[in-house]
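The structure appears below as structure tokens.
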Amino acid sequence: MIQTDILIIGAGPTGLFTVFEAGLLKLRCHLIDALPQQGGQCSEIYPKKPIYDIPAYPEILAGDLTDKLMEQIKQFEPGFTLGERADTIEKQEDGSFIVTTNKGTKHQAPVVAIAGGLGSFEPRKPPLPNIANFEDKGVEYIIRDPELYRDKKVVIAGGGDSALDWSIFLSDVASEVTLVHRRNEFRGALDSVDKVQELKDAGKINLITPAEIKGILGTDKVTGVSVERKGEEPFTVEADHFIPLFGLSPKLGPIVNWGLEIEKNAIKVNNALDYQTNIPGIYAIGDVNTYPGKLKLILCGFHEATLMCQSAYQLIHPDKKYVMKYTTVGGVEGFDGTKKEAPKAVVKAIN
Amino acid sequence: MSDITINITDREGVKHEVIAPTDMAVNLMEIVRSYELAEEGTIGVCGGMAMCASCQCYVKSEHKLPELTDDEDAMLAEAFHVEDNSRLGCQIQMSPELNGLEVELAPEM
């Protein structure tokens with residue numbers, strides 16, 4: 001069981017900055033994120049896009065913002081459970097919460113801060129009527145273990161980096177790799193496109209473009225897919241596995257079952273006070289929350305995180321009175337033993 | 001002209017005639033959001049960077065629209081329910097030339 005003071009659901013900018021504000025109050029944090037890396041949307045969707053409204057940064061790339069935040073919180077030694085989605089929450093008799101992920105990892109904390117942005121990122125599923133029947137029976141949206149495909153016939157659909165990269169990788173593993181894309185053009189890295197062309201020419205990848213998957217064939221498991229080239233009759237491609245790789249889409253996910261008050265796909269909070277939800281001890285900050293006048297901006301998430309941490313401190317230490325200090329005055333004392341502080345003034349006397 | 005009229009059919013098939021300003025640098029996706037014609041969290045997910053296709057719409061009128069950018073074109077190549085008249089709402093800036101534009105929101109992805 002992972003134990004901490006504040007359990008943060010979501011490792012985007014707001015979740016990461018919460019670690020800093022909590023650290024100033026000597027509170028430890030652990031973060032859970034469904035993505036395999038920190039940064040949330042900033043690293044998953046637009047790492048190379050510039051952001052212009054982060055205070056003191058006239059321009060910063062979203063990926064660089066994540067790196068800077070990680071640097072800023074390093075001294076507070078946050079823990080991370082990445083690539084796992086927070087699934088269930090149970091309140092304990094002592095008032096703490098146990099949050100369990102989809103992989104069974106358990107976390108316990110007196111305070112839970114949901115900083116989940118738009119939600120956990122789920123694979124985008126193509127609108128094929130029977131696709132749900134074949135999930136884990138030959139249809140996989142994420143490749144977890146490439147060995148599953150050894151000597152099997154695999155059909156991959158998509159035109160981005162994932163589709164290209166996995167087609168290349170599996171061409172050495174699977175007995176047959178077919179890549180189906182709606183266009184002749186791919187939007188992945190140029191060298192990946194070149195490599196796929198090379199493998200196609202060598203007969204190691206069967207490339208079908210411009211075409212779409214129109215159906216999945218099989219009874220208990222996938223035996224093939226129906227493919228339609230634009231303007232032609234559909235035809236069948238034999239397959240043991242169909243892997244649609246159309247990117248990720250954020251969904252609020254299992255959080256909606258936690259008993260929280262939800263409005264317009266966001267969690268209602270008390271913004272007049274501390275961003276607490278209708279369940280005492282559970283806060284929601286950043287893009288995942290809603291209140292009158294809410295603005296979904298990173299800088300607003302930072303503000304909300306700051307106020308939330310003050311409230312969390314009082315909840316964890318009801319008998320203590322915290323006095324707010326400026327970092328310029330009090331410095332920053334990390335859990336790793338480091339301390340940053342302003343240099344002491346040198347006073348010299350003149351005789 | 002600073003305001004124009006846009007006709008938007010939502011995902012339930014209901015038609016809405018809305019007024020859109022042309023002097024505030026807003027795009028069609030933002031108009032849909034401001035009139036709450038699609039549930040929050042289901043449209044404009046990427047904020048308008050042509051990176052999610054949640055604001056895909058079908059253009060039903062003959063208006064001359066801005067050219068498809070490479071980003072928009074690439075995103076539509078990855079999206080679902082794409083038709084020949086599909087565009088991303090976030091890439092259509094409101095301008096006086098679009099007065100009377102008719103669009104239908106594509107199904108939620």
Side-chain angles (χ1 to χ4, degrees), chain A residues 41-42 44-51 53 62 116-119 121-128 131 157-163 181-188 209-210 212-213 230 244-253 256 262-267 287-290 294 296-298, chain B residues 10-13 16 24-27 29-58 67-91 104-109:
Chain A
Q41 275 191 77
C42 283
E44 184 63 27
I45 302 185
Y46 52 93
K48 298 293 176 197
K49 291 271 184 186
I51 305 174
D53 60 350
L118 296 164
F121 284 77
E122 308 279 340
R124 281 215 301 261
K125 301 179 181 182
L128 299 171
I131 195 163
D161 281 315
S162 291
H181 180 42
R182 189 183 292 141
R183 305 271 182 95
N184 292 319
E185 301 79 25
F186 288 81
R187 67 169 181 157
T209 62
E212 282 187 82
I213 305 288
K230 213 168 182 181
L245 297 173
F246 291 105
L248 302 168
S249 170
K251 301 275 178 219
L252 213 43
V256 295
I262 307 276
E263 186 182 276
K264 294 180 185 171
N265 261 329
I267 301 167
D287 286 1
V288 80
N289 76 12
T290 186
K294 167 71 182 177
K296 292 189 179 191
L297 294 173
I298 291 172
Chain B
D10 66 25
R11 288 170 177 152
E12 273 71 52
H16 305 266
M24 291 174 66
V26 289
N27 59 49
M29 175 272 284
E30 290 160 337
I31 293 295
V32 173
R33 287 182 73 162
S34 65
Y35 282 95
E36 299 184 1
L37 302 183
E39 197 179 349
E40 188 64 28
T42 68
I43 189 156
V45 167
C46 75
M49 292 185 280
M51 300 186 90
C52 71
S54 61
C55 63
Q56 184 194 166
C57 61
Y58 307 120
E67 290 287 308
L68 271 178
T69 61
D70 288 346
D71 283 346
E72 183 181 3
D73 193 33
M75 189 63 242
L76 285 170
E78 287 285 280
F80 307 136
H81 311 292
V82 175
E83 305 289 344
D84 291 341
N85 59 346
S86 285
R87 293 294 303 259
L88 298 183
C90 67
Q91 302 301 300
E104 180 185 343
L105 302 184
E108 188 186 343
M109 293 223 301

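Sequence lines set the chain letters: A, B, ... in the order given, protein chains first and strands last, and positions in each chain run from 1.
Two residues are said to be in side-chain contact when any heavy atoms from C-beta on lie closer than 4.5 Å; B:His81 and A:Pro127 meet this criterion. Side-chain contact between A:Val288 and A:Leu252: present, with at least one pair of heavy atoms (C-beta onward) separated by less than 4.5 Å.
Aromatic ring centroids of A:His181 and A:Phe186 lie under 6.0 Å apart.
Contact of B:Asp70 with chain A is not made at all, since no heavy-atom distance falls under 4.5 Å. Only the side chain of A:Leu118 comes within contact range of chain B, with at least one heavy atom under 4.5 Å from a heavy atom of that chain. Only the side chain of A:Lys296 comes within contact range of chain B, judged by heavy atoms closer than 4.5 Å. Neither the backbone nor the side chain of A:Leu248 comes within contact range of chain B; no heavy atom of the residue lies under 4.5 Å from a heavy atom of that chain.
Contact count versus chain B (heavy atoms, under 4.5 Å) is highest, among A:Lys49, A:Glu212, A:Glu263, A:Glu185, for A:Lys49. Chain A forms more heavy-atom pairs under 4.5 Å with one residue of B:Ala53, B:Ala74, B:Gly41 than with any other, namely B:Ala74. Comparing A:Pro126, A:Gly160, A:Ser249 by how many heavy-atom pairs each has under 4.5 Å with chain B, the most go to A:Pro126.
Between A:Asn265 and B:Thr42 the shortest heavy-atom distance is ND2-CG2, 4.0 Å.
Using a cutoff of 4.0 Å between basic side-chain nitrogens and carboxylate oxygens, B:Glu78 and A:Arg183 are not scored as salt-bridged. A salt bridge is absent between A:Lys264 and B:Glu39: the closest approach of a Lys/Arg side-chain nitrogen to an acidic carboxylate oxygen does not fall below 4.0 angstrom.
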